[in-house]
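As structure tokens, the structure follows; a few thoughts come after it.
Lettering of chains follows the sequences in order, A, B, ..., and the numbering in each one begins at 1. Bear in mind that the values here come from a model prediction, so they are computed numbers and not experimental data.
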There are 2 protein chains.
Amino acid sequence: MDTKQENKKVFLEIVNQLKVLIDKEQIRPGDKLPSERVLSERLNVGRSSVREALRSLELLGLIETRQGGGTFLSSGQNIQLVEILASFILRESRTVKELDAIRKMHEKEAIRIICSDKDLTALPVWESLFYKIEIENDVVRDHILREFIIASGNRLALKIWLQLAAYSATPLKKTTTKQEKPMLIVLLKSLQLGFQKEALAAYDEWMNYIKNNMDNEK
Amino acid sequence: MDTKQENKKVFLEIVNQLKVLIDKEQIRPGDKLPSERVLSERLNVGRSSVREALRSLELLGLIETRQGGGTFLSSGQNIQLVEILASFILRESRTVKELDAIRKMHEKEAIRIICSDKDLTALPVWESLFYKIEIENDVVRDHILREFIIASGNRLALKIWLQLAAYSATPLKKTTTKQEKPMLIVLLKSLQLGFQKEALAAYDEWMNYIKNNMDNEK
DNA sequence: AACCTAAAAGTGGTCTGACCACTTTTAGGT
DNA sequence: ACCTAAAAGTGGTCAGACCACTTTTAGGTT
């Protein structure tokens with residue numbers, strides 16, 4: 001009856017209705033949604049159908065549910081869906097390699113963006129990272145790369161990258177080794193100077209080193 | 001009781017059980033899953049809980065359901081979930097811009113990969129595209145870009161790109177205009193010759209043209 | 001024997017009502 | 001004004017019922 005062709009699946013229609021409701025009622029992330037029973041009445045559907053819709057959205061990480069408390073619009077970030085998707089998709093080793101390639105693409109693009117923007121090369125975080133690597137020597141690889149993505153300023157890219165990194169075959173959760181130190185120093189210094197080509201080369205060298213030493217770390 | 005900490009949510013536990021079942025019973029994409037009633041019995045849970053799990057997986061595009069027919073393991077590809085996610089996330093114009101940036105990153109990376117591989121620069125599809133643009137003059141922008149991604153050989157990247165393109169604010173579904181012809185010719189010729197820098201420059205020029213002429217096309 | 005058709009069985013789609021576990025609110029007493 | 005216990009509200013789960021649709025079965029016709 002609406003502008004769109006009728007959605008056959010009721011639970012999908014409910015998902016749409018919920019979206020409308022959230023818009024209309026100005027429900028912000030963290031706010032409470034109407035209870036299942038109320039929704040069931042307002043939308044003229046059974047409670048079980050409402051639950052099917054809510055459970056789907058919960059799996060997508062769009063809402064959070066507290067027993068006895070209520071249902072809340074998710075405050076963002078945690079998209080746990082990927083955990084499910086990954087376990088279904090990441091069976092073939094081919095996919096694992098492809099995932100790693102996409103992750104690296106994100107990281108190199110971030111490096112390019114940083115190098116071509118004086119505001120970004122001057123960020124204090126590089127000095128801080130430099131210090132940690134040079135002196136403290138206990139930086140998690142993951143952390144360095146994340147700072148690149150964050151600095152590049154694309155929040156959607158950060159979300160995607162976080163998921164890619166979580167399922168990467170590369171041991172990003174390990175701390176950097178002594179051998180990696182010189183490459184990282186070159187990488188960071190090049191970054192600060194805006195030397196894109198050199199930074200990318202150092203990055204490639206770093207990634208190759210990690211790749212070639214994966215087995216030893218296991 | 002298991003290795004993992006107990007999952008509180010039954011429907012999440014069912015999702016896991018389904019994964020195990022699919023593995024154990026060697027259910028391939030396209031194959032039929034046990035009926036809801038059978039699953040309910042085998043897993044010792046109510047049918048409605050089974051349905052909550054199945055509906056979630058359906059929203060993720062991992063299974064397909066035919067009324068009266070049964071539930072089938074999805075034959076892959078169509079991840080419609082993004083439609084839901086997008087409608088929830090793509091409210092802020094900022095996100096739209098970020099999405100476009102990521103899409104372009106994919107495309108430029110594909111161009112880089114193609115240019116640095118003689119097998120890819122020699123692909124007949126470039127000649128074919130060239131002909132269509134030069135003579136027939138009715139190529140959809142989308143189509144050209146998709147060929148880039150396909151040629152780059154990363155199937156996961158293709159999946160991601162397809163979703164990004166579907167929600168891009170850039171009018172990629174339109175056919176190329178007369179003004180775009182020279183840029184595209186330079187782009188394709190550079191590609192065939194492996195001239196990465198020139199290809200990327202032509203690509204940038206093309207994208208800028210599209211951006212600056214978006215309003216006129218509306 | 002092959003073919004067609006109608007009945008039966010199977011399956012997803014939806015709703016209702018019930019009970020439980022937990023949280024939040026309310027009401028009562030100190 | 002404060003604390004506490006009861007009540008109400010809410011999500012979690014189950015069982016049963018009925019519908020719409022598809023697949024299978026059984027029977028009869030040719």
Atom [atom1] of [X] to atom [atom2] of [N]: distance rounded to whole Å?
{"X": "A:L39", "N": "D:dG9", "atom1": "CG", "atom2": "P", "answer": "16 Å"}
{"X": "B:E36", "N": "D:dT22", "atom1": "CD", "atom2": "P", "answer": "16 Å"}
{"X": "A:R37", "N": "D:dG11", "atom1": "CZ", "atom2": "C1'", "answer": "7 Å"}
{"X": "B:F72", "N": "C:dG10", "atom1": "CZ", "atom2": "C1'", "answer": "12 Å"}
{"X": "B:L33", "N": "C:dT11", "atom1": "CG", "atom2": "P", "answer": "12 Å"}
{"X": "A:R66", "N": "C:dT23", "atom1": "CZ", "atom2": "P", "answer": "11 Å"}

Worksheet item: For the side chain to side chain donor-acceptor pair (under 3.5 Å) test, which of B:R103, B:K211, B:R141 pairs with B:T170?
Response: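 Exactly one pass, corresponding to B:R103.
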Discussion item. Taking CD in A:E41 as the centre, count heavy atoms belonging to other residues, nucleotides or ligands within less than 6.0 Å. Is the count above 12?
Written reply: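 Not buried by this count: 12 neighbours or fewer within 6.0 Å.
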Worksheet item: Backbone N or O of A:R112 within a donor-acceptor pair of the A:S116 side chain at under 3.5 Å?
Response: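 Between the backbone of A:R112 and the side chain of A:S116 there is a qualifying donor-acceptor contact (under 3.5 Å).
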Item to complete: Please test B:E127 against B:L188 for side-chain contact (heavy atoms from CB on, under 4.5 Å), starting from the C-alpha separation and ending with a verdict.
Response: CA-CA 8 Å; B:E127 203 59 47; B:L188 285 173; over 6 Å; no
Discussion item. Can you say whether a donor on the side chain of A:R51 sits under 3.5 Å from an acceptor on the base of D:dG11, or the other way round?
Written reply: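 Looking at the base of D:dG11, it does not pair with any donor or acceptor on the side chain of A:R51 (distance under 3.5 Å).
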Donor + acceptor pair across side chains of [X], [Y] (<3.5 Å):
{"X": "B:S49", "Y": "B:E52", "result": "no"}
{"X": "B:E147", "Y": "B:W126", "result": "no"}
{"X": "B:E107", "Y": "B:Y203", "result": "yes"}

Discussion item. So, OP1 or OP2 of D:dG11: does either fall under 4.0 Å of a side-chain N or O from A:T71?
Written reply: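 The answer is yes; a side-chain N or O of A:T71 sits under 4.0 Å from OP1 or OP2.
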Discussion item. Can you list, in residue-number order, the parts of residues 40-50 of chain A that come under 4.0 Å of DNA chain C, counting heavy atoms only?
Written reply: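 Contacting residues: A:N44, A:V45, A:G46, A:R47, A:S48, A:S49.
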Worksheet, complete the sentence: Parsed dot-bracket for DNA chain D after applying the Watson-Crick and G-U rules with both distances under 3.5 Å and | for other-strand partners is ||||||||||||||||||||||||||||||
